[in-house]
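A note on names: the letters A, B, ... follow the listed sequences, proteins ahead of strands, and every chain is numbered from 1. All values below come from the heavy atoms of this structure, side chains included, with hydrogens, waters and symmetry mates left out. Model, not experiment: these values are computed from the prediction.
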There are 2 protein chains.
Amino acid sequence: MSPAKNAEILKKSLIFSSLNEDELSALAGLAAERSFQPDEFILWEGDEPDYFYVVAEGQVKVVKNSSTGREFIIAFFGPGEMFGEVAVFEGKPYPASAQATSACRILAIKRQSFLDFLATRPQVALRIINILGGRLRDAQGRLKDFAGERVEQRLARILLMLASRMGTTLRFTRQELADMAGTTTETAIRVTGGLSERGIIITSRGQIIIADEAKLKALAEGPPEI
Amino acid sequence: MSPAKNAEILKKSLIFSSLNEDELSALAGLAAERSFQPDEFILWEGDEPDYFYVVAEGQVKVVKNSSTGREFIIAFFGPGEMFGEVAVFEGKPYPASAQATSACRILAIKRQSFLDFLATRPQVALRIINILGGRLRDAQGRLKDFAGERVEQRLARILLMLASRMGTTLRFTRQELADMAGTTTETAIRVTGGLSERGIIITSRGQIIIADEAKLKALAEGPPEI
DNA sequence: CTGCTTATGTGATGTAAATCATAGTCCGCT
DNA sequence: AGCGGACTATGATTTACATCACATAAGCAG
(Lines give C-alpha, C1' and ligand atoms only; values in the text may rest on other atoms or scores of the structure.)
Protein backbone atom coordinates (compact mmCIF):
# COMPACT_ATOMS: atom_id res chain seq x y z
CA MET A 1 0.00 0.00 0.00
CA SER A 2 2.95 2.37 0.29
CA PRO A 3 3.45 4.62 -2.74
CA ALA A 4 7.20 4.54 -2.12
CA LYS A 5 7.25 0.78 -2.41
CA ASN A 6 5.17 0.97 -5.56
CA ALA A 7 7.70 3.37 -7.02
CA GLU A 8 10.42 0.84 -6.25
CA ILE A 9 8.54 -1.84 -8.11
CA LEU A 10 7.87 0.37 -11.10
CA LYS A 11 11.50 1.39 -11.21
CA LYS A 12 12.61 -2.20 -11.57
CA SER A 13 10.27 -2.66 -14.49
CA LEU A 14 11.91 -2.34 -17.90
CA ILE A 15 9.12 -0.06 -19.04
CA PHE A 16 9.77 2.70 -16.57
CA SER A 17 13.50 2.46 -16.06
CA SER A 18 14.03 5.75 -17.91
CA LEU A 19 11.95 7.77 -15.47
CA ASN A 20 13.47 9.99 -12.78
CA GLU A 21 12.43 9.92 -9.12
CA ASP A 22 9.75 12.58 -9.50
CA GLU A 23 8.16 10.90 -12.48
CA LEU A 24 8.25 7.54 -10.73
CA SER A 25 6.47 8.88 -7.68
CA ALA A 26 3.95 10.64 -9.92
CA LEU A 27 3.21 7.34 -11.62
CA ALA A 28 3.25 5.39 -8.37
CA GLY A 29 0.69 7.86 -7.08
CA LEU A 30 -1.63 6.81 -9.88
CA ALA A 31 -1.25 3.13 -9.10
CA ALA A 32 -3.50 1.17 -6.78
CA GLU A 33 -2.19 -2.05 -5.32
CA ARG A 34 -4.38 -5.12 -5.35
CA SER A 35 -3.83 -8.65 -4.10
CA PHE A 36 -5.03 -11.87 -5.65
CA GLN A 37 -5.18 -15.47 -4.51
CA PRO A 38 -3.89 -18.31 -6.67
CA ASP A 39 -6.33 -19.07 -9.53
CA GLU A 40 -8.21 -15.83 -8.95
CA PHE A 41 -9.02 -13.86 -12.10
CA ILE A 42 -7.62 -10.35 -12.40
CA LEU A 43 -9.56 -9.48 -15.52
CA TRP A 44 -11.84 -11.29 -17.93
CA GLU A 45 -11.81 -11.43 -21.70
CA GLY A 46 -14.48 -9.02 -22.92
CA ASP A 47 -14.28 -6.66 -19.93
CA GLU A 48 -13.98 -2.94 -20.54
CA PRO A 49 -10.30 -1.94 -20.38
CA ASP A 50 -10.46 0.32 -17.35
CA TYR A 51 -7.01 -0.52 -16.00
CA PHE A 52 -3.47 -1.07 -17.12
CA TYR A 53 -1.63 -3.62 -14.95
CA VAL A 54 1.91 -4.25 -13.78
CA VAL A 55 2.85 -7.35 -11.80
CA ALA A 56 4.51 -6.43 -8.49
CA GLU A 57 4.85 -9.90 -7.06
CA GLY A 58 3.80 -13.36 -8.13
CA GLN A 59 2.94 -14.77 -11.52
CA VAL A 60 0.04 -14.19 -13.87
CA LYS A 61 -1.12 -16.17 -16.89
CA VAL A 62 -3.00 -14.71 -19.82
CA VAL A 63 -5.46 -17.14 -21.39
CA LYS A 64 -8.02 -17.39 -24.15
CA ASN A 65 -10.67 -20.07 -24.51
CA SER A 66 -11.35 -21.63 -27.87
CA SER A 67 -14.82 -22.46 -29.12
CA THR A 68 -14.23 -26.11 -28.25
CA GLY A 69 -13.74 -25.13 -24.63
CA ARG A 70 -10.00 -25.68 -24.58
CA GLU A 71 -7.85 -23.17 -22.77
CA PHE A 72 -4.93 -21.60 -24.56
CA ILE A 73 -2.19 -19.90 -22.54
CA ILE A 74 -0.87 -16.87 -24.40
CA ALA A 75 1.79 -15.91 -21.88
CA PHE A 76 3.02 -15.90 -18.30
CA PHE A 77 4.07 -12.64 -16.70
CA GLY A 78 6.16 -12.02 -13.61
CA PRO A 79 7.29 -9.01 -11.53
CA GLY A 80 7.83 -5.83 -13.52
CA GLU A 81 5.89 -7.01 -16.56
CA MET A 82 2.77 -5.32 -17.87
CA PHE A 83 -0.43 -6.88 -19.16
CA GLY A 84 -3.79 -5.70 -20.40
CA GLU A 85 -1.99 -2.98 -22.31
CA VAL A 86 -3.28 -3.73 -25.81
CA ALA A 87 -6.87 -3.23 -24.74
CA VAL A 88 -5.97 -0.06 -22.84
CA PHE A 89 -4.29 1.51 -25.84
CA GLU A 90 -7.02 0.56 -28.27
CA GLY A 91 -9.91 1.23 -25.93
CA LYS A 92 -11.43 -2.11 -26.91
CA PRO A 93 -12.38 -4.93 -24.53
CA TYR A 94 -9.58 -7.09 -23.16
CA PRO A 95 -8.87 -9.77 -25.79
CA ALA A 96 -7.97 -12.40 -23.18
CA SER A 97 -8.34 -13.15 -19.48
CA ALA A 98 -5.64 -12.82 -16.83
CA GLN A 99 -5.46 -15.20 -13.90
CA ALA A 100 -3.11 -15.37 -10.91
CA THR A 101 -1.07 -18.57 -10.87
CA SER A 102 0.33 -17.79 -7.44
CA ALA A 103 -0.45 -15.28 -4.71
CA CYS A 104 0.01 -11.93 -6.44
CA ARG A 105 0.31 -8.25 -5.80
CA ILE A 106 -0.65 -6.23 -8.84
CA LEU A 107 -0.41 -2.51 -9.55
CA ALA A 108 -3.44 -1.18 -11.38
CA ILE A 109 -3.36 2.18 -13.15
CA LYS A 110 -6.51 3.80 -14.50
CA ARG A 111 -6.59 3.75 -18.27
CA GLN A 112 -6.97 7.47 -18.82
CA SER A 113 -4.41 8.42 -16.18
CA PHE A 114 -1.92 6.16 -17.84
CA LEU A 115 -2.62 7.46 -21.34
CA ASP A 116 -2.24 11.04 -20.09
CA PHE A 117 1.01 10.16 -18.36
CA LEU A 118 2.27 8.51 -21.52
CA ALA A 119 1.38 11.37 -23.86
CA THR A 120 4.14 13.52 -22.38
CA ARG A 121 6.80 10.82 -21.93
CA PRO A 122 8.21 9.80 -25.31
CA GLN A 123 10.87 7.60 -23.68
CA VAL A 124 8.26 5.51 -21.97
CA ALA A 125 6.31 5.29 -25.21
CA LEU A 126 9.42 4.05 -27.01
CA ARG A 127 9.97 1.43 -24.31
CA ILE A 128 6.45 0.23 -24.76
CA ILE A 129 6.93 0.10 -28.50
CA ASN A 130 9.94 -2.08 -27.87
CA ILE A 131 8.08 -4.41 -25.57
CA LEU A 132 5.08 -4.69 -27.88
CA GLY A 133 7.44 -5.27 -30.78
CA GLY A 134 9.12 -8.10 -28.92
CA ARG A 135 5.80 -9.68 -28.05
CA LEU A 136 4.64 -9.35 -31.65
CA ARG A 137 7.82 -10.97 -32.93
CA ASP A 138 7.31 -13.78 -30.47
CA ALA A 139 3.64 -14.27 -31.37
CA GLN A 140 4.40 -14.37 -35.07
CA GLY A 141 7.20 -16.85 -34.54
CA ARG A 142 4.86 -19.07 -32.58
CA LEU A 143 2.22 -18.70 -35.29
CA LYS A 144 4.63 -20.11 -37.82
CA ASP A 145 5.41 -22.96 -35.44
CA PHE A 146 1.77 -23.77 -34.93
CA ALA A 147 1.18 -23.67 -38.66
CA GLY A 148 4.04 -25.88 -39.71
CA GLU A 149 5.76 -27.77 -36.94
CA ARG A 150 4.72 -30.79 -34.99
CA VAL A 151 3.96 -31.02 -31.31
CA GLU A 152 7.40 -32.21 -30.25
CA GLN A 153 9.09 -29.23 -31.89
CA ARG A 154 6.56 -26.77 -30.54
CA LEU A 155 7.02 -28.14 -27.06
CA ALA A 156 10.79 -28.03 -27.39
CA ARG A 157 10.59 -24.36 -28.35
CA ILE A 158 8.25 -23.55 -25.52
CA LEU A 159 10.56 -25.24 -23.04
CA LEU A 160 13.51 -23.27 -24.40
CA MET A 161 11.59 -20.02 -24.25
CA LEU A 162 10.54 -20.68 -20.67
CA ALA A 163 14.08 -21.68 -19.74
CA SER A 164 15.49 -18.45 -21.15
CA ARG A 165 13.13 -16.52 -18.92
CA MET A 166 13.15 -18.58 -15.73
CA GLY A 167 16.12 -20.89 -15.77
CA THR A 168 16.35 -24.64 -16.34
CA THR A 169 13.94 -25.67 -13.61
CA LEU A 170 10.40 -25.13 -14.84
CA ARG A 171 7.53 -25.41 -12.44
CA PHE A 172 4.69 -26.22 -14.81
CA THR A 173 2.35 -29.17 -15.08
CA ARG A 174 1.98 -31.13 -18.32
CA GLN A 175 -1.48 -29.68 -18.55
CA GLU A 176 -0.07 -26.15 -18.56
CA LEU A 177 2.52 -27.12 -21.14
CA ALA A 178 -0.25 -28.61 -23.25
CA ASP A 179 -2.25 -25.40 -22.97
CA MET A 180 0.77 -23.41 -24.09
CA ALA A 181 1.58 -25.73 -26.98
CA GLY A 182 -2.01 -26.04 -28.13
CA THR A 183 -2.18 -29.77 -27.60
CA THR A 184 -3.83 -32.16 -25.14
CA THR A 185 -2.57 -33.17 -21.72
CA GLU A 186 -2.13 -36.78 -22.86
CA THR A 187 0.00 -35.79 -25.82
CA ALA A 188 2.09 -33.44 -23.69
CA ILE A 189 2.67 -36.30 -21.26
CA ARG A 190 3.66 -38.68 -24.04
CA VAL A 191 6.03 -36.17 -25.65
CA THR A 192 7.70 -35.13 -22.40
CA GLY A 193 7.92 -38.81 -21.56
CA GLY A 194 9.83 -39.35 -24.77
CA LEU A 195 12.16 -36.43 -24.06
CA SER A 196 12.73 -37.78 -20.59
CA GLU A 197 13.63 -41.25 -21.91
CA ARG A 198 16.17 -39.66 -24.20
CA GLY A 199 17.71 -37.84 -21.24
CA ILE A 200 16.88 -34.40 -22.59
CA ILE A 201 14.70 -33.42 -19.65
CA ILE A 202 14.04 -34.71 -16.16
CA THR A 203 10.38 -34.83 -15.21
CA SER A 204 8.65 -35.00 -11.91
CA ARG A 205 5.27 -34.02 -10.64
CA GLY A 206 4.64 -30.38 -11.49
CA GLN A 207 8.12 -29.65 -12.73
CA ILE A 208 10.52 -30.20 -15.59
CA ILE A 209 14.27 -29.75 -15.49
CA ILE A 210 16.11 -29.21 -18.72
CA ALA A 211 19.06 -31.57 -18.67
CA ASP A 212 20.43 -31.23 -22.18
CA GLU A 213 19.71 -27.83 -23.65
CA ALA A 214 21.80 -28.50 -26.76
CA LYS A 215 19.76 -31.54 -27.74
CA LEU A 216 16.58 -29.66 -27.03
CA LYS A 217 17.70 -26.85 -29.33
CA ALA A 218 18.53 -29.33 -32.06
CA LEU A 219 15.05 -30.78 -31.71
CA ALA A 220 13.48 -27.34 -31.82
CA GLU A 221 15.32 -26.42 -34.98
CA GLY A 222 13.87 -29.19 -37.04
CA PRO A 223 13.85 -32.86 -37.91
CA PRO A 224 17.15 -34.66 -37.17
CA GLU A 225 17.97 -35.37 -40.81
CA ILE A 226 18.97 -31.82 -41.77
CA MET B 1 10.78 10.56 -56.59
CA SER B 2 9.05 13.80 -55.58
CA PRO B 3 9.23 14.56 -51.86
CA ALA B 4 5.90 16.34 -52.11
CA LYS B 5 4.25 13.20 -53.41
CA ASN B 6 5.90 11.16 -50.67
CA ALA B 7 4.49 13.58 -48.12
CA GLU B 8 1.03 13.00 -49.61
CA ILE B 9 1.41 9.26 -49.21
CA LEU B 10 2.66 9.52 -45.65
CA LYS B 11 -0.19 11.83 -44.78
CA LYS B 12 -2.75 9.26 -45.84
CA SER B 13 -1.10 6.68 -43.64
CA LEU B 14 -2.77 6.22 -40.26
CA ILE B 15 0.59 6.39 -38.55
CA PHE B 16 1.39 9.93 -39.56
CA SER B 17 -2.03 11.52 -39.75
CA SER B 18 -1.30 13.61 -36.65
CA LEU B 19 1.68 15.38 -38.23
CA ASN B 20 1.48 18.93 -39.59
CA GLU B 21 2.75 19.97 -43.03
CA ASP B 22 6.25 20.82 -41.84
CA GLU B 23 6.70 17.57 -40.00
CA LEU B 24 5.37 15.61 -42.95
CA SER B 25 7.84 17.19 -45.33
CA ALA B 26 10.64 16.62 -42.85
CA LEU B 27 9.75 12.94 -42.73
CA ALA B 28 9.21 12.75 -46.49
CA GLY B 29 12.69 14.19 -46.89
CA LEU B 30 14.07 11.21 -45.01
CA ALA B 31 12.25 8.72 -47.20
CA ALA B 32 13.69 7.15 -50.34
CA GLU B 33 11.28 5.71 -52.85
CA ARG B 34 11.95 2.29 -54.31
CA SER B 35 10.10 0.21 -56.86
CA PHE B 36 9.66 -3.54 -56.91
CA GLN B 37 8.40 -6.02 -59.47
CA PRO B 38 5.83 -8.68 -58.54
CA ASP B 39 7.44 -11.49 -56.53
CA GLU B 40 10.55 -9.43 -55.89
CA PHE B 41 11.82 -9.50 -52.30
CA ILE B 42 12.01 -6.20 -50.44
CA LEU B 43 13.82 -7.60 -47.44
CA TRP B 44 14.89 -11.02 -46.23
CA GLU B 45 14.45 -12.67 -42.88
CA GLY B 46 17.74 -12.36 -41.03
CA ASP B 47 18.84 -9.12 -42.75
CA GLU B 48 20.08 -6.27 -40.62
CA PRO B 49 17.19 -3.85 -39.98
CA ASP B 50 18.57 -0.84 -41.81
CA TYR B 51 15.24 0.51 -43.03
CA PHE B 52 11.71 1.08 -41.90
CA TYR B 53 9.20 0.69 -44.76
CA VAL B 54 5.84 2.16 -45.73
CA VAL B 55 3.88 0.88 -48.72
CA ALA B 56 3.09 3.70 -51.17
CA GLU B 57 1.45 1.64 -53.87
CA GLY B 58 0.83 -2.05 -54.46
CA GLN B 59 0.70 -4.95 -52.05
CA VAL B 60 3.34 -6.69 -49.96
CA LYS B 61 3.24 -10.01 -48.16
CA VAL B 62 5.29 -10.85 -45.09
CA VAL B 63 6.33 -14.49 -44.93
CA LYS B 64 8.27 -16.92 -42.77
CA ASN B 65 9.51 -20.33 -43.85
CA SER B 66 9.15 -23.28 -41.53
CA SER B 67 11.81 -25.93 -41.08
CA THR B 68 9.81 -28.27 -43.31
CA GLY B 69 10.13 -25.77 -46.15
CA ARG B 70 6.54 -24.61 -46.03
CA GLU B 71 5.83 -20.93 -46.42
CA PHE B 72 3.68 -19.18 -43.86
CA ILE B 73 2.11 -15.82 -44.70
CA ILE B 74 2.01 -13.60 -41.63
CA ALA B 75 0.26 -10.65 -43.25
CA PHE B 76 -0.50 -8.64 -46.36
CA PHE B 77 0.09 -4.91 -46.36
CA GLY B 78 -1.26 -2.22 -48.70
CA PRO B 79 -0.81 1.53 -49.21
CA GLY B 80 -0.13 3.50 -46.03
CA GLU B 81 0.82 0.45 -43.97
CA MET B 82 4.23 -0.03 -42.40
CA PHE B 83 6.32 -3.16 -42.19
CA GLY B 84 9.75 -4.13 -40.90
CA GLU B 85 9.08 -1.97 -37.87
CA VAL B 86 9.58 -4.58 -35.15
CA ALA B 87 13.15 -5.24 -36.26
CA VAL B 88 13.85 -1.52 -36.57
CA PHE B 89 12.70 -0.79 -33.03
CA GLU B 90 14.52 -3.72 -31.50
CA GLY B 91 17.64 -3.43 -33.62
CA LYS B 92 17.51 -7.16 -34.27
CA PRO B 93 17.42 -8.86 -37.69
CA TYR B 94 14.11 -8.85 -39.55
CA PRO B 95 12.10 -11.79 -38.21
CA ALA B 96 10.42 -12.46 -41.57
CA SER B 97 10.80 -11.69 -45.27
CA ALA B 98 8.76 -9.18 -47.27
CA GLN B 99 7.86 -9.83 -50.88
CA ALA B 100 5.96 -7.73 -53.42
CA THR B 101 2.77 -9.43 -54.60
CA SER B 102 2.17 -6.79 -57.25
CA ALA B 103 4.19 -3.95 -58.75
CA CYS B 104 5.02 -1.78 -55.74
CA ARG B 105 6.36 1.58 -54.75
CA ILE B 106 7.79 1.54 -51.27
CA LEU B 107 9.07 4.34 -49.04
CA ALA B 108 12.20 3.39 -47.14
CA ILE B 109 13.36 5.40 -44.15
CA LYS B 110 16.75 4.82 -42.55
CA ARG B 111 16.45 3.18 -39.16
CA GLN B 112 18.31 5.78 -37.17
CA SER B 113 16.65 8.73 -38.90
CA PHE B 114 13.29 7.26 -38.10
CA LEU B 115 14.13 6.56 -34.47
CA ASP B 116 15.41 10.12 -34.08
CA PHE B 117 12.28 11.49 -35.69
CA LEU B 118 10.16 9.38 -33.39
CA ALA B 119 11.95 10.36 -30.18
CA THR B 120 10.50 13.86 -30.36
CA ARG B 121 7.00 13.00 -31.61
CA PRO B 122 4.97 11.35 -28.85
CA GLN B 123 1.82 11.40 -30.98
CA VAL B 124 3.45 9.31 -33.66
CA ALA B 125 4.81 6.96 -31.01
CA LEU B 126 1.30 6.54 -29.60
CA ARG B 127 -0.04 5.78 -33.06
CA ILE B 128 2.58 3.14 -33.52
CA ILE B 129 1.75 1.69 -30.13
CA ASN B 130 -1.84 1.45 -31.33
CA ILE B 131 -0.91 -0.25 -34.54
CA LEU B 132 1.45 -2.70 -32.87
CA GLY B 133 -1.21 -3.38 -30.27
CA GLY B 134 -3.72 -4.17 -32.97
CA ARG B 135 -1.31 -6.48 -34.71
CA LEU B 136 -0.47 -8.21 -31.43
CA ARG B 137 -4.14 -8.70 -30.64
CA ASP B 138 -4.62 -10.16 -34.09
CA ALA B 139 -1.61 -12.47 -33.84
CA GLN B 140 -2.70 -13.77 -30.45
CA GLY B 141 -6.21 -14.38 -31.71
CA ARG B 142 -4.84 -16.33 -34.61
CA LEU B 143 -2.57 -18.26 -32.26
CA LYS B 144 -5.57 -19.44 -30.32
CA ASP B 145 -7.25 -20.44 -33.59
CA PHE B 146 -4.24 -22.40 -34.73
CA ALA B 147 -4.02 -24.11 -31.37
CA GLY B 148 -7.62 -25.13 -31.08
CA GLU B 149 -9.72 -24.76 -34.20
CA ARG B 150 -10.05 -26.83 -37.34
CA VAL B 151 -8.96 -25.83 -40.81
CA GLU B 152 -12.47 -24.88 -41.92
CA GLN B 153 -12.87 -22.47 -39.03
CA ARG B 154 -9.42 -21.00 -39.46
CA LEU B 155 -10.09 -20.45 -43.14
CA ALA B 156 -13.46 -18.91 -42.42
CA ARG B 157 -11.84 -16.45 -40.03
CA ILE B 158 -9.12 -15.58 -42.48
CA LEU B 159 -11.67 -14.93 -45.20
CA LEU B 160 -13.64 -12.67 -42.85
CA MET B 161 -10.51 -10.81 -41.80
CA LEU B 162 -9.51 -10.29 -45.42
CA ALA B 163 -13.03 -9.21 -46.32
CA SER B 164 -13.07 -6.61 -43.56
CA ARG B 165 -9.92 -5.12 -45.00
CA MET B 166 -10.47 -5.43 -48.73
CA GLY B 167 -14.15 -6.05 -49.39
CA THR B 168 -15.98 -9.19 -50.41
CA THR B 169 -13.98 -9.90 -53.56
CA LEU B 170 -10.69 -11.47 -52.57
CA ARG B 171 -7.97 -11.91 -55.15
CA PHE B 172 -6.02 -14.75 -53.64
CA THR B 173 -5.17 -18.23 -54.86
CA ARG B 174 -5.99 -21.31 -52.77
CA GLN B 175 -2.27 -21.70 -52.33
CA GLU B 176 -2.05 -18.28 -50.69
CA LEU B 177 -5.04 -19.04 -48.50
CA ALA B 178 -3.37 -22.30 -47.51
CA ASP B 179 -0.18 -20.44 -46.61
CA MET B 180 -2.18 -18.05 -44.46
CA ALA B 181 -4.16 -20.79 -42.75
CA GLY B 182 -1.17 -23.03 -42.21
CA THR B 183 -2.54 -25.88 -44.28
CA THR B 184 -1.83 -27.45 -47.68
CA THR B 185 -3.08 -26.30 -51.06
CA GLU B 186 -5.11 -29.49 -51.48
CA THR B 187 -6.89 -29.04 -48.19
CA ALA B 188 -7.57 -25.37 -48.92
CA ILE B 189 -9.08 -26.41 -52.26
CA ARG B 190 -11.25 -29.07 -50.63
CA VAL B 191 -12.46 -26.73 -47.89
CA THR B 192 -13.23 -23.82 -50.21
CA GLY B 193 -14.89 -26.33 -52.50
CA GLY B 194 -17.17 -27.30 -49.62
CA LEU B 195 -17.96 -23.66 -48.80
CA SER B 196 -18.71 -23.04 -52.45
CA GLU B 197 -21.12 -26.00 -52.62
CA ARG B 198 -22.97 -24.61 -49.62
CA GLY B 199 -23.29 -21.25 -51.38
CA ILE B 200 -21.19 -19.42 -48.80
CA ILE B 201 -18.53 -18.33 -51.27
CA ILE B 202 -18.15 -18.17 -55.03
CA THR B 203 -14.81 -19.40 -56.31
CA SER B 204 -12.99 -18.89 -59.56
CA ARG B 205 -9.39 -19.01 -60.65
CA GLY B 206 -7.39 -16.70 -58.39
CA GLN B 207 -10.34 -15.18 -56.61
CA ILE B 208 -13.02 -15.81 -54.02
CA ILE B 209 -16.18 -13.81 -53.54
CA ILE B 210 -17.93 -13.96 -50.21
CA ALA B 211 -21.59 -14.58 -50.94
CA ASP B 212 -23.01 -15.21 -47.48
CA GLU B 213 -21.06 -13.41 -44.80
CA ALA B 214 -23.52 -14.36 -42.07
CA LYS B 215 -23.07 -18.09 -42.68
CA LEU B 216 -19.34 -17.62 -42.84
CA LYS B 217 -19.40 -15.86 -39.48
CA ALA B 218 -21.44 -18.65 -37.99
CA LEU B 219 -18.88 -21.13 -39.24
CA ALA B 220 -16.02 -19.08 -37.86
CA GLU B 221 -17.61 -18.88 -34.42
CA GLY B 222 -17.68 -22.58 -33.87
CA PRO B 223 -19.27 -25.93 -34.61
CA PRO B 224 -22.90 -25.70 -35.79
CA GLU B 225 -24.37 -27.42 -32.74
CA ILE B 226 -23.88 -24.51 -30.32
C1' DC C 1 -3.97 -22.23 -82.66
C1' DT C 2 -0.62 -24.64 -79.79
C1' DG C 3 1.88 -25.52 -76.33
C1' DC C 4 3.48 -24.25 -71.52
C1' DT C 5 2.78 -22.83 -67.04
C1' DT C 6 0.07 -22.11 -63.14
C1' DA C 7 -4.14 -23.07 -60.69
C1' DT C 8 -7.81 -26.17 -59.56
C1' DG C 9 -9.92 -30.58 -58.64
C1' DT C 10 -10.15 -35.56 -56.79
C1' DG C 11 -9.08 -39.99 -55.35
C1' DA C 12 -6.15 -43.39 -52.44
C1' DT C 13 -3.33 -43.99 -48.62
C1' DG C 14 -0.72 -42.81 -44.51
C1' DT C 15 -0.10 -40.76 -40.01
C1' DA C 16 0.24 -37.53 -36.12
C1' DA C 17 -2.40 -36.44 -32.77
C1' DA C 18 -7.16 -36.23 -30.64
C1' DT C 19 -10.31 -38.83 -28.17
C1' DC C 20 -11.92 -42.31 -25.10
C1' DA C 21 -11.03 -45.26 -21.32
C1' DT C 22 -8.86 -46.72 -17.19
C1' DA C 23 -5.46 -46.99 -13.75
C1' DG C 24 -1.76 -45.73 -10.83
C1' DT C 25 0.61 -42.06 -8.02
C1' DC C 26 1.66 -38.11 -5.46
C1' DC C 27 0.20 -34.66 -2.12
C1' DG C 28 -2.51 -31.86 0.85
C1' DC C 29 -6.16 -32.23 4.14
C1' DT C 30 -9.11 -33.42 8.19
C1' DA D 1 -3.66 -42.82 8.73
C1' DG D 2 -6.56 -42.66 5.30
C1' DC D 3 -9.35 -39.94 1.93
C1' DG D 4 -9.94 -37.21 -2.12
C1' DG D 5 -8.43 -34.66 -5.88
C1' DA D 6 -5.03 -33.24 -8.88
C1' DC D 7 -1.33 -35.10 -11.77
C1' DT D 8 0.84 -38.66 -14.47
C1' DA D 9 0.71 -42.65 -17.28
C1' DT D 10 -0.58 -45.90 -21.02
C1' DG D 11 -3.42 -48.59 -24.28
C1' DA D 12 -7.09 -48.74 -28.01
C1' DT D 13 -9.55 -46.40 -31.38
C1' DT D 14 -10.79 -42.69 -34.35
C1' DT D 15 -10.16 -38.76 -37.28
C1' DA D 16 -8.68 -34.67 -39.51
C1' DC D 17 -5.39 -33.65 -42.32
C1' DA D 18 -0.99 -34.43 -44.92
C1' DT D 19 0.98 -36.74 -48.51
C1' DC D 20 1.25 -38.81 -52.94
C1' DA D 21 -0.33 -39.25 -57.44
C1' DC D 22 -2.70 -37.81 -61.32
C1' DA D 23 -6.21 -35.36 -64.14
C1' DT D 24 -8.34 -31.34 -65.95
C1' DA D 25 -8.78 -26.49 -66.91
C1' DA D 26 -7.60 -21.62 -67.42
C1' DG D 27 -4.62 -18.05 -68.80
C1' DC D 28 -0.49 -16.46 -71.36
C1' DA D 29 3.32 -16.31 -74.94
C1' DG D 30 5.03 -17.41 -79.13
*Which whole-number value in Å describes the distance from R154(B) CZ to dC17(D) P?*
7 Å
*Can you tell me how far C1' of dA26(D) sits from CZ of R171(B), to the nearest Å?*
14 Å
*Estimated bend of the helix from dC1(C)-dG30(D) to dT30(C)-dA1(D) (axis per five terminal pairs, rounded to 10 degrees)*: 40°
*asked:* Please find the pair of heavy atoms, one from Y94(A) and one from G84(A), that lie closest to each other, and give the distance.
replied: CE2-O, 3.7 Å
_Consider side chain to side chain contact (heavy atoms under 4.5 Å, CB included). Of F36(B), F172(B), F77(B), F76(B), which one does T101(B) pass it with?_
F76(B)
*Would you kindly give the CG-to-P distance between L155(B) and dA18(D), to the nearest whole Å?*
10 Å
*Describe the nucleic acid contact of R70(B) in one word from base, sugar-phosphate, nothing, applying a heavy-atom distance below 4.0 Å.*
sugar-phosphate
Close N/O contacts between protein and nucleotides 7-12 of chain D (under 3.5 Å):
{"residue": "dC7(D)", "atom": "O4'", "partner": "R205(A)", "partner atom": "NH2", "Å": "3.4"}
{"residue": "dT8(D)", "atom": "OP1", "partner": "G206(A)", "partner atom": "N", "Å": "3.0"}
{"residue": "dT8(D)", "atom": "OP2", "partner": "R174(A)", "partner atom": "N", "Å": "3.0"}
{"residue": "dA9(D)", "atom": "OP2", "partner": "R174(A)", "partner atom": "NH1", "Å": "3.0"}
{"residue": "dG11(D)", "atom": "N7", "partner": "R190(A)", "partner atom": "NH1", "Å": "3.2"}
{"residue": "dG11(D)", "atom": "O6", "partner": "R190(A)", "partner atom": "NH2", "Å": "3.2"}

*When D145(A) is tested against each of Q140(A), R157(A), R150(A) for side chain to side chain donor-acceptor pair (under 3.5 Å), which residue passes?*
R157(A)
*Can you check whether T184(A) has a side-chain N or O nearer than 4.0 Å to OP1 or OP2 of dT19(C)?*
no
*Just checking, any donor-acceptor pair under 3.5 angstrom between side chains of E149(B) and S67(A)?*
yes
*asked:* For F41(A) and W44(A), take the angle between the two ring planes, folded into 0 to 90°, and tell me which bin it lands in: parallel under 30, tilted 30 to 60, perpendicular over 60.
replied: parallel
*Can you check the E149(A) CD to dA18(D) P distance for me, whole Å?*
14 Å
*Partner of L162(A) under side chain to side chain contact (heavy atoms under 4.5 Å, CB included), chosen from L170(A), T168(A), I210(A)*: L170(A)
*Please determine if R165(A) and E81(A) form a salt bridge, counting it only when a charged side-chain N lies under 4.0 Å from a carboxylate O.*
yes
*Residues D50(A), K110(A): salt bridge by 4.0 Å N-O rule*: no
_Under-4.0 Å side-chain N/O to phosphate OP1/OP2 contact, T187(B) with dC17(D)_ = no
_Shortest non-hydrogen contact between V60(B) and C104(B), atoms and distance_ = CG2-SG, 4.0 Å
*asked:* Could you tell me how far apart Q153(B) (CD) and dA16(D) (C1') are, to the nearest whole angstrom?
replied: 13 Å
*Measure from CZ on R150(A) to C1' on dT15(C) and round the result to the nearest Å.*
9 Å
